[in-house]
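Notes for the one structure printed next.
These figures come from a predicted structure and were not determined experimentally. The basis for the numbers below is simple: all heavy atoms, side chains too, and nothing from hydrogens, waters or symmetry mates.
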Amino acid sequence: MCGIVGFTGTQDAAPILLDGLKKLEYRGYDSAGIAVMDQKTISVNKVRGRIANLCEKTDNGSSVPGTTGIGHTRWATHGAPTEENAHPHLSNDGRFAIVHNGIIENYLALRDELIREGYQFQSETDTEVIVHLLERYYRGNVREALLKTANRLRGSYALGVICSEEPGKIYAVREASPLILGIGIDDNYFASDVTALVAHTRNVIYLEDGEFAELSQRSIRIFDCTGAEIHKKTTRILWDVQAAEKGGYPHFMLKEIMEQPGAVRATIAPRIKNGTVEFEELGALLPELPGIRKIIITACGSAYYAGCAGKYALEQLCHIPVEVALASELRYANPLTDEHTLLIVISQSGETADTIAALKECKSRGAKTLAIVNVVGSSVAKSADYTVYTWAGPEIAVATTKGYTTQVAVLYMLAICFADHLCQLGNDKEERLDTLLALPRLIQQAIDMNPSIPELAKKYHKSKALFFIGRNTDYASALEGALKMKEISYLHAEAYAAGELKHGTIALIDDHQPVIALCCNPSIMEKTLSNIVEVKSRGAEVLALTFRDNQKILPVADDLLFIPNVDALFSTAVEIVPLQLLAYYVAKENGCDIDKPKNLAKSVTVE
Ligand code: AGP
């Protein structure tokens with residue numbers, strides 16, 4: 001969603017801000033802007049649409065002199081994506097410019113109050129109240145004005161602020177929306193996402209809720225919500241700049257699909273030690289497992305579907321009932337959780353608003369909480385009792401691929417680890433571990449054994465609708481396969497539990513209706529085969545996904561996708577890969593903006 005960058009130093013700010021905003025494009029946005037301060041003059045440039053328009057408007061930044069500035073990409077929430085509503089916003093006296101991520105929940109009341117006092121509003125945004133409050137509270141001290149303003153705001157905000165009375169300084173304020181400070185040599189930075197910082201520095205400081213920072217060319221000072229100065233540790237970002245670049249691939253999504261063998265290896269390999277799965281992060285949780293009566297997995301979108309896939313392994317190996325709940329529902333469902341509940345929260349970004357809220361809700365009701373997260377230092381990681389990082393590296397494409405497979409891999413590992421601690425693993429422990437260790441190789445094979453996908457995409461890309469069917473673990477994979485198809489190709493795609501078809505959906509099956517049938521789970525293979533025959537006899541065109549030596553499928557499928565043989569309990573991490581590739585190539589045929597699908601954002605930080 002929205003993105004923030006800030007810079008102060010010796011070089012011209014505008015090109016650096018524009019470059020930082022380009023790095024944040026993947027998050028999704030519909031307008032952008034920068035404010036640059038030259039001595040005591042602030043100039044603001046804003047555009048609708050892409051950063052390229054902003055580059056054009058400012059001659060790649062060269063028409064905007066000044067070594068201090070802030071920039072923003074906006075994903076519209078309050079007010080249409082227009083130039084007026086784009087950030088930065090200026091105070092009426094022109095002293096302050098601000099950029100904001102998040103939502104100010106009490107903005108209407110504040111807006112009325114400020115209008116009564118004579119402040120003039122130029123936009124429909126919730127953000128604009130902040131800049132007028134700053135003007136109202138400013139009495140020669142920016143830090144004091146920031147504190148007083150922050151005390152009036154309810155909701156979430158990451159703020160970037162400049163004030164013409166303090167040339168060379170940029171301010172960053174955080175409440176429930178990420179903000180990271182980047183430490184340079186003769187320059188300093190902030191951004192809402194480390195991807196905008198790594199080209200300049202690997203040394204960063206994560207701001208916490210309630211903290212704010214004052215950055216100048218050579219100093220960074222951080223304060224708590226009372227205004228007292230605090231000292232925070234510096235973190236070194238370990239991944240390199242190339243990790244956030246396309247590396248010769250036409251799209252980040254394709255690159256990230258291809259990275260999955262390596263990403264899953266990085267997730268699994270370091271945690272298999274001494275002939276078992278070891279999570280050092282979970283030291284204090286493991287002795288408490290015998291007291292756990294129920295596991296709830298909660299998340300949104302693909303992360304929720306990862307939970308649907310992991311449920312089978314957790315339940316079957318640990319013998320603990322597992323519920324999978326959408327975070328947007330769970331947060332308002334008065335969840336029945338107590339100290340005997342383990343809540344597993346899954347989030348690639350760690351910043352998804354509903355997921356954070358569901359986590360807090362269940363935690364306040366006594367649940368033990370474990371987060372599976374990719375982004376280090378994110379809000380979910382900080383709020384949970386225990387955090388397991390997926391180590392997938394930066395994921396830039398809006399449609400998650402390696403984020404999802406690594407989440408699924410962690411769930412498989414948790415299932416084995418918990419079952420081992422509960423003494424539920426039998427003689428097949430070694431076999432289970434071998435399967436886990438083989439997953440990167442099997443994923444690579446799933447990529448290699450389907451060269452026909454670009455051709456199949458040509459056949460299916462004009463379909464009005466695609467139905468994905470499967471049972472059990474295949475159904476979990478179907479859910480994610482259909483979501484991938486929808487979000488990047490804009491085709492209507494639905495996943496159905498194959499056994500449910502005859503309870504209504506089969507009415508939609510007609511001549512040449514494509515049905516993507518997942519048959520990678522031998523325990524229910526015969527049942528799914530019957531469902532395939534049912535749709536075939538109503539005219540459907542069946543593209544079946546199955547393991548290579550499955551002869552039974554040949555007579556009923558029109559087209560085939562393959563995966564290598566893999567234990568069905570762990571098969572989703574492998575069978576999703578051809579479906580990701582299919583979605584990718586269908587979207588390519590349809591000329592879609594694959595890495596930045598319309599209306600979507602990478603990290604959904606609003607409810
Ligand atoms: C996946 O392709 C989607 N873009 C989306 O469903 C995503 O998985 C969801 O928004 C959750 O995000 P998170 O993992 O960062 O919490």
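- Relative to the six-membered ring of Tyr206, Lys232 misses at least one condition, a distance below 6.0 Å or an angle of at most 45° to the axis.
- Partner Glu83 forms a salt bridge (charged side-chain N to carboxylate O under 4.0 Å, His left out) with one of Lys57, Lys46, Arg74, Arg48 and no other, that one being Lys57.
- No side-chain donor-acceptor contact under 3.5 Å links Asp126 and His100.
- Rounding to the nearest 0.5 Å gives a distance of 12.0 Å between CZ of Phe7 and CG of Leu197.
- Looking only at atom types and distance, the side chain of Ser302 has a donor-acceptor partner in the side chain of Lys484 under 3.5 Å away.
- Checked by atom type and distance alone, the side chain of Lys169 never pairs as donor or acceptor with a backbone atom of Ser216 at under 3.5 Å.
- The nearest pair of heavy atoms linking Ser489 to Cys592 is O-SG, 3.7 Å.
- Between the side chain of Thr369 and the backbone N or O of Ala384, no donor-acceptor pair lies under 3.5 Å.
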Report task. Walk me through it: do Thr234 and Val204 pass the test side-chain contact (heavy atoms from CB on, under 4.5 Å)? Result -> CA-CA 6 Å; Thr234 302; Val204 302; over 6 Å; no
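- Annotation: side chain of Glu211 is not in contact with side chain of Cys225 (no heavy-atom distance under 4.5 Å).
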Requested in this report: Determine, step by step, whether Thr195 and Asp193 satisfy the side-chain hydrogen bond (donor to acceptor under 3.5 Å, both in side chains) criterion, reporting the C-alpha distance in whole Å, the side-chain angles of both residues, the deciding distance to 0.1 Å, and the verdict.
Outcome: CA-CA 5 Å; Thr195 47; Asp193 185 324; 2.8 Å; yes
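- When only modelled atom types and interatomic distance are considered, Thr226 and Asp224 share a side-chain donor-acceptor pair under 3.5 Å.
- With respect to the salt-bridge test (charged N to carboxylate O, under 4.0 angstrom), the residues Glu259 and Arg265 do not qualify.
- Judged by distance alone, the side chain of Lys382 and the main-chain N or O of Gly377 form a donor-acceptor pair under 3.5 Å.
- Listed for the His89 side chain is no donor-acceptor partner under 3.5 Å among the backbone atoms of Thr127.
- The nearest pair of heavy atoms linking Ile4 to Gly160 is CD1-N, 4.3 Å.
- Of the possible polar contacts, none joining the Arg152 side chain to the Lys148 backbone as a donor-acceptor pair under 3.5 Å is found.
- To the nearest 0.5 angstrom, Ile237 atom CD1 is 7.0 Å from Ile180 atom CD1.
- One N or O on the side chain of Gln260 and one on the backbone of Ile257 form a donor-acceptor pair closer than 3.5 Å.
- Residue Ile115 places its CD1 atom among more than 12 non-hydrogen atoms of other residues, nucleotides or ligands, all under 6.0 Å distant.
- Interatomic distance, CD of Gln120 versus CD of Glu128, reported as 10.0 Å (0.5 Å rounding).
- How far CD1 of Ile170 is from CG of Leu215: 4.5 Å, rounded to the nearest 0.5 Å.
- Geometrically, Arg143 does not engage Phe212 in a cation-pi contact, judged by NZ or CZ lying under 6.0 Å from the ring centre and within 45° of the ring axis.
- For the residue pair Glu166 / Tyr171, a side-chain donor-acceptor distance below 3.5 Å is found, with atom types taken as modelled.
- Panel note: side chain Lys360, backbone Thr355; no donor-acceptor pair is recorded below 3.5 Å.
- Within the model, atoms CD1 of Ile103 and OG1 of Thr77 stand 4.5 Å from one another, a figure rounded to the nearest 0.5 Å.
- Residue Leu414 comes nearest to Leu282 through the heavy atom pair CD2-CD1, 3.6 Å, listed as atom of the first residue, atom of the second, then distance.
- At a threshold of 4.0 Å, the pair Asp593-Arg50 counts as salt-bridged, since one of the basic side-chain nitrogens sits closer than that to a carboxylate oxygen.
- No side-chain donor-acceptor contact under 3.5 Å links Gln217 and Thr8.
- With rounding to the nearest 0.5 Å, the separation of CG in Leu483 from CD in Gln580 is 11.0 Å.
- With hydrogens and angles left out, the side-chain atoms of Asp93 and Ser91 include a donor and acceptor closer than 3.5 Å.
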Report task. Begin with the C-alpha distance, continue with both residues' side-chain angles, and end with the deciding distance and a verdict on side-chain contact (heavy atoms from CB on, under 4.5 Å) for Val5 and Tyr189. Result -> CA-CA 7 Å; Val5 289; Tyr189 308 77; over 6 Å; no
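- Of the possible polar contacts, one joining the Asp209 side chain to the Ala176 backbone as a donor-acceptor pair under 3.5 Å is found.
- When atom types are taken as modelled, the side chain of Tyr138 and the backbone of Cys163 share no donor-acceptor pair closer than 3.5 angstrom.
- Glu351 and Ser379 share a side-chain donor-acceptor pair at under 3.5 Å.
- Residues Gly61 and Leu18 approach most closely at N-CD1, 3.6 Å, considering heavy atoms.
- The closest donor-acceptor contact from the side chain of Lys402 to the backbone of Pro394 lies under 3.5 Å.
- If you check the side chains of Tyr29 and Glu25, you find a donor sitting under 3.5 Å from an acceptor.
- Considering only residues two or more places apart in sequence or on other chains, Thr400 meets the side-chain hydrogen bond (donor to acceptor under 3.5 Å, both in side chains) condition with Glu395.
- Side-chain atoms of Arg236 and Asn203 include a donor-acceptor pair closer than 3.5 Å.
- Note on Glu165 versus Arg95: salt bridge recorded, some NZ/NE/NH1/NH2 to OD/OE distance being below 4.0 Å.
- There is a side-chain donor-acceptor pair under 3.5 Å between Asn374 and Gln348.
- Among all heavy-atom pairs drawn from Leu90 and Ile42, the shortest one is CD2-CG2, 4.2 Å.
- Using a cut-off of 4.0 Å between Lys/Arg side-chain N and Asp/Glu carboxylate O, Asp187 and Arg218 are scored as not salt-bridged.
- With hydrogens and angles left out, the side-chain atoms of Thr82 and Asn85 include a donor and acceptor closer than 3.5 Å.
- A salt bridge does not link Glu487 with Lys598: every distance from a Lys NZ or Arg NE/NH1/NH2 to an Asp or Glu carboxylate oxygen is 4.0 Å or more.
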Requested in this report: Test Glu144 against Arg139 for salt bridge (charged side-chain N to carboxylate O under 4.0 Å, His left out), laying out the working first.
Outcome: CA-CA 8 Å; Glu144 212 174 275; Arg139 299 277 180 275; over 6 Å; no
